Chemist: 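Please see the structure below; I have some questions.
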Amino acid sequence: MRVVLAEDSVLLREGLVRLLGEAGATVVAAVGDGDSLVEVAIEHRPDIAVVDVRMPPSFTDEGLRAAMRARSAVPGLGVLVLSQYVEESYASDLLAEAGQPGSGGVGYLLKDRISKLDELSDALHRVADGGTVLDPEVVAGLFALRRRNDPLTELTPREREVLALMAEGRTNTAIARSLSVSGGAVEKHISSIFTKLTLPPSNDDHRRVLAVLAWLKA
């Protein structure tokens, strides 16, 4: 898969170029600011943009805003955020983008928690395929924020566990393995989640993404 990379630290940028290459990606451009990310995305039309959230000049959310501009210019562009921080609002913004028909996949991983090449490679492939990938620590932070006011009272504790793993981008098989249940049980839980969240089958929307969005917005 073809990737553009935006990271303001020169040393980290060069290291990520090498790491992404070893993970099976071809980095067609590596830049140090948000405006340049948009430019190279339009020029190369890659499969994925890998970005840091905090970039010059203000080091707040320039990377994410640039990634969203790039997605508008290059429909279907996947976005994988690699950050040092758990920024729950940014994860919510990314998933909101992913909920739109025809949009690309999204991911939010913490740099310090990427310990294996196969984990990075798996995340890249899932985002390239239109899926969602969230670091478990990000999911935990999102859960903590919404426990104070949780309208999803109809979901059982097990359904909440399944929904959290869906937020991480896990497949049904991976969810079954994590919870030590059968694949059929996972399918029943997911079907129940869709029913309780009023998400009927649709050819235009990704119900898994919409279910996670409903959870994040609650």
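Quick caveat, the model's predicted, so the values are computed rather than measured. Scope of the values below: all heavy atoms of this structure, side chains included, with no hydrogens, waters or symmetry mates.
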Chemist: Without swapping roles, check the side chain of R2 against the backbone of H44 for a donor-acceptor pair under 3.5 Å.
Modeler: yes
Chemist: Are L155 and K196 side-chain neighbours, meaning at least one heavy-atom pair lies under 4.5 Å?
Modeler: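 Yes - at least one pair of side-chain heavy atoms lies under 4.5 Å apart.
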Chemist: Output the distance between atom OG1 (T195) and atom CD (E159), rounded to the nearest 0.5 Å.
Modeler: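 CD of E159 is found 9.5 Å from OG1 of T195.
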Chemist: Mind checking whether R13 and V10 have side chains closer than 4.5 Å, heavy atoms only?
Modeler: yes
Chemist: Before you tell me yes or no, could you show the steps for T173 and T171 under side-chain hydrogen bond (donor to acceptor under 3.5 Å, both in side chains), namely the whole-Å CA-CA distance, both residues' side-chain angles and the distance that decides it to 0.1 Å?
Modeler: CA-CA 5 Å; T173 300; T171 64; 4.6 Å; no
Chemist: Please tell me whether M55 and L64 are part of a single hydrophobic cluster in this structure, the criterion being side-chain heavy atoms less than 4.5 Å apart.
Modeler: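 Different clusters.
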Chemist: Just one of V31, L12, L82, V50 clears the side-chain contact (heavy atoms from CB on, under 4.5 Å) bar with E7, so which one?
Modeler: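 Testing E7 for a side-chain contact (heavy atoms from CB on, under 4.5 Å) against V31, L12, L82, V50 leaves exactly one candidate, L12.
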Chemist: Tell me if a side-chain donor or acceptor on R71 pairs with a main-chain N or O of G104 at a distance below 3.5 Å.
Modeler: yes
Chemist: Output side-chain donor-acceptor pairs under 3.5 Å for residues 117-128, partner residues at least two apart or in another chain, one line each.
Modeler:
from: S121; atom 1: OG; to: A23; atom 2: O; distance (Å): 3.1
from: D122; atom 1: OD2; to: R126; atom 2: NE; distance (Å): 3.0
from: D122; atom 1: OD2; to: R126; atom 2: NH2; distance (Å): 2.8
from: H125; atom 1: ND1; to: S121; atom 2: O; distance (Å): 2.8
from: R126; atom 1: NH1; to: E168; atom 2: O; distance (Å): 3.3
from: R126; atom 1: NH1; to: G169; atom 2: O; distance (Å): 2.5

Chemist: If you measure from CG on L163 to OG1 on T156, what distance do you get to the nearest 0.5 Å?
Modeler: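 It is 10.5 Å, given to the nearest 0.5 Å.
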Chemist: Would you compute the distance between atom CG of L5 and atom CD1 of I48 and round it to the nearest 0.5 angstrom?
Modeler: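 Between atom CG of L5 and atom CD1 of I48 there are 12.0 Å.
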Chemist: Shortest non-hydrogen contact from I193 to A211?
Modeler: CG2-CB, 4.3 Å
Chemist: Determine the minimum heavy-atom distance between A167 and T132, stating which atoms define it.
Modeler: O-OG1, 4.3 Å
Chemist: Are the side chains of P56 and D8 in contact, using a 4.5 Å heavy-atom criterion?
Modeler: yes
Chemist: Give me the atom names and distance for the closest heavy-atom approach of A49 to L77.
Modeler: N-CD1, 3.8 Å
Chemist: What's the separation between atom CE in M166 and atom CD1 in I175, rounded to the nearest 0.5 Å?
Modeler: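 Answer rounded to 0.5 Å: 6.5 Å.
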Chemist: Could you give the side-chain donor-acceptor pairs of residues 33-43 under 3.5 Å, partners two or more places apart or in another chain?
Modeler:
from: D33; atom 1: OD1; to: D35; atom 2: N; distance (Å): 3.2
from: D33; atom 1: OD1; to: S36; atom 2: N; distance (Å): 2.9
from: D33; atom 1: OD1; to: S36; atom 2: OG; distance (Å): 3.1
from: D33; atom 1: OD2; to: S36; atom 2: OG; distance (Å): 3.0
from: D35; atom 1: OD1; to: R69; atom 2: NH1; distance (Å): 3.4
from: D35; atom 1: OD1; to: R69; atom 2: NH2; distance (Å): 3.3

Chemist: Once you round to the nearest 0.5 Å, how far does CZ of R54 lie from OG of S83?
Modeler: 6.5 Å
Chemist: Going through the checks in order, is the side-chain contact (heavy atoms from CB on, under 4.5 Å) test met by R158 and L179?
Modeler: CA-CA 9 Å; R158 177 63 85 186; L179 299 179; 3.4 Å; yes
Chemist: Measuring from E62:CD to D52:CG, what's the distance to the nearest 0.5 Å?
Modeler: 10.5 Å
Chemist: Would you mind reporting whether L109 and L80 have side-chain heavy atoms less than 4.5 Å apart?
Modeler: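 Yes, side chains in contact.
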Chemist: Decide yes or no for N172 and R208: does some side-chain heavy atom of the first lie under 4.5 Å from some side-chain heavy atom of the second?
Modeler: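 With C-beta onward as the side chain, the pair touches.
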Chemist: Does A176 offer a backbone N or O that forms a donor-acceptor pair with the side chain of S180 under 3.5 Å?
Modeler: no
Chemist: Pairs under 3.5 angstrom only: tabulate donor-acceptor contacts from the side chains of residues 183-190 to other protein residues two or more places apart or in another chain.
Modeler:
none

